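So you know, we letter chains A, B, ... as the sequences are listed, proteins then strands, and number each from 1. We use all heavy atoms of the structure for the numbers below, so side chains are in, but hydrogens, waters and symmetry mates are not. As the structure is a prediction and not an experimental result, all values here were calculated from the model.
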Protein chains: 2
Amino acid sequence: MGRPRVTVIDIAQAAGVSKSTVSLVLQGSPLVKGTTRAKVVEAMNELGYVYNRGAANLRQTGSKSGIVGVVVNDLTNGFFAELAVGVDIVVQSAGFVQFLSNTGESIDRQREVVASMREHGISGLLVSPARGTDPSDFAPLVEAGIPVVVVVRSLPGGKLSSVVADNPSGVAGAVRHLVSLGHRRIAFLGGFQDTAVFHERLSGYRSAVTAAGFGFDEALVVPSAPSRAGGADAVARALAVEERPTAAVCFNDAVAFGACDGLRSHRLEPGRDFAVVGFDDVIEARTAVPALTTVSVDPQAMGRRAGQLLLKQIAAGGVSSEAVMTSVRLVVRESCGAPRLAAQA
Amino acid sequence: MGRPRVTVIDIAQAAGVSKSTVSLVLQGSPLVKGTTRAKVVEAMNELGYVYNRGAANLRQTGSKSGIVGVVVNDLTNGFFAELAVGVDIVVQSAGFVQFLSNTGESIDRQREVVASMREHGISGLLVSPARGTDPSDFAPLVEAGIPVVVVVRSLPGGKLSSVVADNPSGVAGAVRHLVSLGHRRIAFLGGFQDTAVFHERLSGYRSAVTAAGFGFDEALVVPSAPSRAGGADAVARALAVEERPTAAVCFNDAVAFGACDGLRSHRLEPGRDFAVVGFDDVIEARTAVPALTTVSVDPQAMGRRAGQLLLKQIAAGGVSSEAVMTSVRLVVRESCGAPRLAAQA
DNA sequence: TGACCATTTTGGATCGTTCCAACAAATTCA
DNA sequence: TGAATTTGTTGGAACGATCCAAAATGGTCA
């Protein structure tokens with residue numbers, strides 16, 4: 001049980017040197033002679049020494065704890081789990097460990113978790129904020145010189161660094177694909193108008209649609225809850241506009257599935273009578289009937305990218321603000337009505 | 001940037017008391033007078049004080065760091081993500097934070113991660129070990145009085161506490177269900193023979209099959225890789241034994257899906273010509289065709305249970321060994337050929 | 001009033017490490 | 001040879017909290 005801890009002093013004694021020398025060895029300093037280093041290392045193995053980062057950290061300026069905090073809003077969601085894995089990979093290979101916590105979209109929980117991480121002296125924080133997060137919640141960290149990187153969802157008024165998917169170009173690519181299939185009236189379905197992601201995606205729609213020379217038609221933009229039910233509802237409303245659309249790009253895959261439901265209840269078969277494109281590429285997208293054409297974002301790659309950015313800022317010491325967009329790609333399946341061959345394009 | 005840290009001494013000064021008193025307040029001691037406490041708390045808010053756990057920890061005996069380490073072998077797998085969430089819930093509400101890392105089935109990585117966690121002074125470790133983990137890897141922790149709880153996969157020769165699903169009774173229940181549907185020749189398909197989980201599940205099969213009065217037939221046990229391909233292979237071999245089986249319970253859902261593939265290539269329709277039962281209840285089980293009858297383990301509940309056990313051991317101070325089994329339940333869908341009504345039984 | 005008690009408060013010493021300035025030993029150079 | 005330089009090593013003072021024994025405070029009672 002409570003056996004006395006082995007400390008640098010014990011090592012020093014066993015190796016016949018001073019504790020300062022042991023410390024130097026610990027830090028891999030080139031100042032110590034090879035033979036001395038060997039003696040020390042041997043003593044450490046001998047006695048089963050465990051480095052005490054807490055103590056080291058106490059003395060070290062700038063709290064280089066070697067811990068990065070990672071906070072996600074829903075670990076249950078495969079997307080975020082992948083993201084966390086991506087972060088873990090780069091962070092771990094840089095010799096850091098990751099404090100990972102899940103907020104389950106609760107702002108209170110998020111606050112607690114972040115506070116707790118701060119007490120533990122994290123060197124940086126990576127967060128996929130819960131819905132409705134106030135950006136100023138992170139101000140104290142930034143003021144204290146702790147880098148903060150926001151992922152997936154960007155925060156308005158952002159002085160914070162962020163890594164988000166390239167939403168505009170993802171949607172734009174989807175629109176271009178539909179245009180190339182001959183569609184002229186393309187709707188944009190679903191999503192809450194008060195979120196940053198909605199506006200990013202909508203802007204991609206807008207620019208692609210005008211670039212194609214169709215002009216932007218407000219009536220073809222139908223917001224809704226970003227859920228299956230919302231999608232069904234949205235497509236119904238879209239079908240009611242005069243000069244009805246023949247295709248839609250949806251806010252996300254859930255909306256897209258809902259749109260398919262809605263189409264069927266109007267006796268329209270998605271993929272044949274009406275083209276549907278989603279966003280996210282959730283697992284079911286592949287196996288659904290018809291298989292969903294969608295914009296795929298690689299969450300693990302995103303996690304890696306975000307981890308790199310955070311590490312860079314930690315290394316730089318200062319807190320700078322940088323916004324990164326990770327690329328996305330269109331995965332052509334069946335719901336857009338394109339012949340399967342197009343998938344290879 | 002590097003603004004000087006606010007310490008207990010600053011607070012003491014601002015509140016006109018001694019640092020000891022501030023410390024008492026920090027620990028919620030009943031010794032301090034209400035008015036004094038209020039002054040101190042106000043000063044803390046005023047100056048934006050952040051508790052330094054590292055420093056506290058240094059002085060405190062027994063390393064009550066308030067950190068628990070959680071190591072899983074595959075965070076990408078929804079099962080483990082859910083598990084981690086379950087752990088997080090109980091651990092967090094007890095005021096601990098969780099260090100979560102992913103090993104991706106790499107033993108080396110696992111070793112690194114555990115070492116790193118130890119350096120950070122975790123108060124307990126919860127681990128779903130990577131395949132091929134040597135139980136003695138955790139001996140140093142146990143010797144140092146740090147509780148270790150193994151989840152999901154139990155480790156042979158286990159002096160360690162563990163929380164695993166009740167594999168025997170899960171499989172036994174599946175067998176009984178098949179018997180009730182009239183099956184007499186039931187195979188056990190898939191899984192590596194050298195894993196503990198395999199033997200646990202097989203033992204459930206064995207006992208249920210003998211309890212039903214059929215006698216245990218070695219030929220009906222067909223191990224294979226615990227994958228889709230392995231399942232296809234296993235079912236093919238099972239169909240080749242004389243007096244061929246009419247049903248199978250599979251090592252896990254992946255094997256079960258493979259078995260369905262294999263059946264079809266033998267012109268047998270799963271659920272109609274041959275009954276298949278899986279284990280795990282992965283997400284696709286519900287949506288597959290036919291929907292998979294399977295044994296469901298609730299990973300989040302398991303995580304909560306494991307978290308509780310770990311906290312209990314941390315609180316107790318000592319390291320005791322306890323083995324917990326979490327209950328499982330059979331989810332009847334279509335692949336076993338039972339009429340849908342049976343699902344309500 | 002002074003002895004006694006309960007309640008609050010307090011100044012060091014301490015935890016395990018790193019930093020710093022100073023020292024000893026070995027080497028180089030004039 | 002002696003001074004200057006390089007190369008290794010070292011003791012003590014931090015870091016920011018907790019613990020302990022002791023002191024201050026206030027009340028009660030003979």
For A:Ser20, report the nucleic acid contact type (base, sugar-phosphate, nothing); a contact means any heavy atom under 4.0 Å.
base
Under 4.0 Å, heavy atoms only, any strand: does B:Thr7 hit a base, just the sugar-phosphate, or nothing?
sugar-phosphate
Nearest 0.5 Å, please: how far is CG in B:Asn52 from CZ in B:Arg5?
4.5 Å
Base, sugar-phosphate alone, or nothing: which one does A:Ala55 contact when heavy atoms must sit under 4.0 Å apart?
base
Can you sort out the partners of A:Ser23 under side-chain hydrogen bond (donor to acceptor under 3.5 Å, both in side chains), two or more places apart, ordered by chain and number?
A:Gln27
Where each residue is assigned the nucleotide of DNA chain C containing its nearest heavy atom, which of A:Tyr51 and B:Pro30 is assigned the position nearer the 5′ end?
B:Pro30
Table of protein N/O atoms under 3.5 Å from nucleotides 21-27 of chain D N/O atoms:
none

For residues 102-111 of chain A, which residue pairs qualify under side chain to side chain donor-acceptor pair (under 3.5 Å), counting only residues two or more places apart or in two chains?
A:Asn73-A:Glu105, A:Glu105-A:Arg153, A:Arg109-B:Gln92, A:Gln110-A:Thr133, A:Arg111-A:Asp137
B:Val17 near the nucleic acid: base, sugar-phosphate alone, or nothing, with a heavy-atom cut-off under 4.0 Å?
sugar-phosphate
Check every strand shown and say whether B:Ile9 touches a base, only sugar-phosphate, or nothing at a heavy-atom separation below 4.0 Å.
nothing
Rounded to the nearest Å, what distance is computed from the CG atom of residue B:Asn52 to the P atom of nucleotide D:dA17?
5 Å
Using a 3.5 Å distance criterion without hydrogens, assess whether the side chain of A:Gln313 forms a donor-acceptor pair with backbone atoms of A:Ser320.
yes
